[in-house]
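None of these values were measured; they are calculated from a predicted model.
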Amino acid sequence: MADAIGTTATTATRYAFQSGSRVSEDKSNLKNEDFLQLLIKQLQNQDPSSPMDSNAIMQQTATLSSTQTMQEMIEVQQEQFALQMRVSASGMVGQTVTYTDDLGKAQSGVVTAASFAKGTPVLAIGGAAVNLDSVSGITKAAPAVSSSTASSSTTTAPASS
């Protein structure tokens, strides 16, 4: 049984079924525990006259480690992307945006709020809830002129005598 654990998940899954050990539900993805259980089973059941190659064990362990590291990096990148989308949506509040509605027609309006309850941020524009990925353009909203600013800018000329 020196070749029971191959380099692919299919071979390892086949061995797991033959040896009666537990494998993950998704047969194409082995978890750490599954890999270690398969390795232990292989070591327990190996032929003493033909022991398992230590280079093969090291290669399989290194492959598992690099796969785990890549999966962790993917998860971090997904979290960063989700955070970037939230920051972008927050920055659009108060801005005039152009978006494509459900009928495929271009619309525009001022973003009054952003919601992060779903995967993709949702913007409140007028009475519509618009997914962030439907936005096609942003323009800076014109600054509102307040009455206090307007009255302070007017000056009265002194009366001449």
In Å, rounded to the nearest 0.5 Å, how long is the span from [atom1] of [X] to [atom2] of [Y]?
X      : Y      : atom1 : atom2 : answer
Tyr99  : Lys105 : OH    : NZ    : 10.0 Å
Gln84  : Gln77  : CD    : CD    : 10.5 Å
Gln44  : Gln37  : CD    : CD    : 10.5 Å
Lys41  : Leu38  : NZ    : CG    : 10.0 Å
Met58  : Thr63  : CE    : OG1   : 11.0 Å
Gln107 : Asp102 : CD    : CG    : 10.0 Å

Going by heavy atoms in the side chains, are [X] and [Y] under 4.5 Å from each other?
X      : Y      : answer
Leu132 : Met92  : yes
Thr96  : Ile138 : no
Met85  : Thr120 : yes

Between Ser90 and Ala114, what is the shortest heavy-atom contact and its length?
-> N-CB, 4.5 Å
Going through the distances and angles, do Thr69 and Met73 end up as a side chain to side chain contact (heavy atoms under 4.5 Å, CB included)?
-> CA-CA 6 Å; Thr69 302; Met73 289 173 58; 4.2 Å; yes
Could you walk me through whether Val97 and Ile125 pass the side chain to side chain contact (heavy atoms under 4.5 Å, CB included) test, one step at a time?
-> CA-CA 9 Å; Val97 298; Ile125 305 172; 3.3 Å; yes
Expected output: side-chain [X] to main-chain [Y] donor-acceptor under 3.5 Å:
X      : Y      : result
Ser134 : Val130 : no
Asn131 : Asp133 : no
Thr112 : Ala124 : yes
Thr98  : Ser108 : no

Which residues share a side-chain contact (heavy atoms from CB on, under 4.5 Å) with Val87, sequence neighbours left out = none
Hydrophobic cluster membership, Val135 vs Val93, 4.5 Å side-chain cutoff = yes
Do Phe81 and Met70 sit in the same hydrophobic cluster, where Ile, Leu, Val, Met, Phe, Trp and Tyr count as joined when their side-chain heavy atoms come under 4.5 Å apart?
-> no
